[in-house]
Colleague: 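One structure, pasted below without further comment.
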Amino acid sequence: MGNRFFLIRYGSEILQRTGEHLLLVGIAIAVAVLICIPLGILITRNGRLRQPILAIANLLQTIPSLALFGLLIPIVGIGAVPAIIALTLYSFLPIIRNTYTGIMSVDPAIREVGRGMGMTDWQLLSRVELPLAMSVILAGIRVAVVIAVGIATIAAAIGAGGLGVFIFRGIAVVNNQLILAGAVPAAAIALIADYSIGWLERRLAIKR
C-alpha cells in the first residue's frame, strides 16, 4: 500500500490520537491564557515587574522540550500532566509579551478621555484597553497554539499520547507511513488553528 493510503490505513487511530493531541494543547493554552493575560496586565501597571517576568518567560522558552519533560518527570511523573505543564510554560512568552505590547500600544489620548469621563482603572482596562489590545493579544495566543501543537508531538516520548505516538513508532521501525500519520494531522491542526485565530485577529484589527 502506497504512502498516499496512510490516512485510510490508520484512520481510526489517527482520530483517537488527534483527540488526545487537541486535549493536551487545549488544556495547556486555556491554563496559559488564564495565567498570562493577568501577568501581562500586571506588568503594564507595575514597571518594576516587567523585566523579571519577561526574563523568566524568555528563559522557559529556551529550555529544550525533552529537557523540560525530563525535569518534570521526577516531580509529576509521566503522562499527560507533565506534557500539559510543559506546553503551558512554553506558551508564557508570546501571550505575556503580546498582552503587554497590546495594552501599551493603546493611544494615551484615548486613556485620557476615559479618565476624563471618570472611569476607574478597572473600567479603563476592561472597556477600553483590553478591547483595543485584543487583536494583538490574539496574535500571541496564535503563536502559542502553533508552538504547542508542534511540541505536543514530542510529549508522546513521556507517555502523553497524541499524534507523536505515530512519529516515534514510525522512526523506531523506519516506516514513513506511520511518520506521515502523525506529522500530517499535526501540521493540519497547526494550519487550521493559525488560520482561524488569524482571521479573528484581523477582524478585530479592522474594528479598531
Side-chain angles (χ1 to χ4, degrees), residues 1-36 60-95 98 137-203:
M1 185 176 291
N3 286 342
R4 63 186 180 278
F5 298 117
F6 69 90
L7 288 173
I8 298 172
R9 183 172 182 179
Y10 302 107
S12 60
E13 190 179 358
I14 287 174
L15 290 175
Q16 176 195 338
R17 298 301 180 185
T18 298
E20 294 171 355
H21 209 90
L22 290 171
L23 189 63
L24 291 174
V25 173
I27 293 173
I29 294 298
V31 172
V33 166
L34 291 174
I35 296 171
C36 298
L60 290 170
Q61 198 76 22
T62 64
I63 301 173
S65 52
L66 277 176
L68 184 55
F69 290 142
L71 291 170
L72 289 170
I73 286 172
I75 302 170
V76 293
I78 62 172
V81 174
I84 291 169
I85 293 172
L87 294 176
T88 301
L89 294 177
Y90 279 121
S91 301
F92 272 33
L93 180 60
I95 300 177
N98 278 48
I137 295 170
L138 278 174
I141 295 173
R142 178 184 179 185
V143 171
V145 169
V146 173
I147 291 171
V149 170
I151 294 176
T153 58
I154 303 172
I158 58 169
L163 292 164
V165 170
F166 284 113
I167 296 173
F168 282 102
R169 195 191 305 166
I171 291 171
V173 298
V174 195
N175 185 321
N176 288 338
Q177 287 190 38
L178 282 168
I179 295 172
L180 289 172
V184 171
I189 291 170
L191 289 171
I192 292 168
D194 183 65
Y195 177 82
S196 302
I197 301 173
W199 176 84
L200 184 57
E201 176 193 333
R202 290 189 294 274
R203 294 279 294 182

Colleague: Which value, rounded to the nearest 0.5 Å, describes the distance between Ile151 atom CD1 and Ser65 atom OG?
Modeller: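 It comes to 5.5 Å.
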Colleague: In chain order, what residues pass the side chain to side chain contact (heavy atoms under 4.5 Å, CB included) check against Val81, with sequence neighbours excluded?
Modeller: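 Scan of Val81 (side chain to side chain contact (heavy atoms under 4.5 Å, CB included), adjacent residues dropped) gives Val76, Ile85.
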Colleague: Can you tell me how far CG of Leu22 sits from CD1 of Ile29, rounded to the nearest 0.5 angstrom?
Modeller: 12.0 Å
Colleague: Which atom pair, heavy atoms only, marks the closest approach of Gly161 to Leu24?
Modeller: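 Gly161 and Leu24 have their closest heavy atoms at O-CD1, 4.4 Å.
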Colleague: Measure the spacing between CG of Asn98 and CZ of Arg142 and express it to the nearest 0.5 Å.
Modeller: 11.0 Å
Colleague: For the residue pair Phe166 and Val184, establish whether any side-chain heavy-atom pair is separated by less than 4.5 Å.
Modeller: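 No; the side chains remain at least 4.5 Å from each other.
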Colleague: Return the minimal non-hydrogen interatomic distance between Ala156 and Gly164, and the atom names on each side.
Modeller: CB-C, 3.4 Å
Colleague: Find out whether Ile189 and Leu163 are in side-chain contact, i.e. whether some heavy atom of one side chain is under 4.5 Å from a heavy atom of the other.
Modeller: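 They are in contact (side-chain heavy atoms under 4.5 Å apart), so the answer is yes.
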Colleague: Taking atom CD1 of Ile27 as the centre, does the number of heavy atoms from other residues, nucleotides or ligands within less than 6.0 Å exceed 12?
Modeller: yes
Colleague: Look up atom CG in Leu89 and atom CD1 in Ile84, then write down how far apart they are to the nearest 0.5 Å.
Modeller: 12.0 Å
Colleague: Just do the side-chain contact (heavy atoms from CB on, under 4.5 Å) check on Arg169 and Asn175 with the steps written out, would you?
Modeller: CA-CA 8 Å; Arg169 195 191 305 166; Asn175 185 321; over 6 Å; no
Colleague: Between Thr18 and Pro185, which heavy-atom pair has the shortest distance, and what is it?
Modeller: OG1-CB, 4.2 Å
Colleague: Pro82 and Gly77: which non-hydrogen atoms are nearest, and at how many Å?
Modeller: CG-O, 3.1 Å
Colleague: Over all heavy atoms of both residues, which pair between Val145 and Ala193 is shortest? Give the atoms and the distance, please.
Modeller: CG1-CB, 3.6 Å
Colleague: Any side-chain heavy atom of Leu93 within less than 4.5 Å of one from Leu60?
Modeller: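 A side-chain contact under 4.5 Å is absent here.
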Colleague: Go through the steps for Ile154 and Leu66 under the test side-chain contact (heavy atoms from CB on, under 4.5 Å), then give the verdict.
Modeller: CA-CA 7 Å; Ile154 303 172; Leu66 277 176; 3.6 Å; yes
Colleague: Between Ala152 and Val25, which heavy-atom pair has the shortest distance, and what is it?
Modeller: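 Answer, listing the atom of Ala152 first, then Val25: CB-CG2, 4.0 Å.
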Colleague: How many angstroms lie between NE2 in His21 and CD1 in Ile14, if you round to the nearest 0.5 Å?
Modeller: 13.0 Å
Colleague: If you measure from OG1 on Thr62 to OH on Tyr90, what distance do you get to the nearest 0.5 Å?
Modeller: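 Here the rounded value is 8.0 Å.
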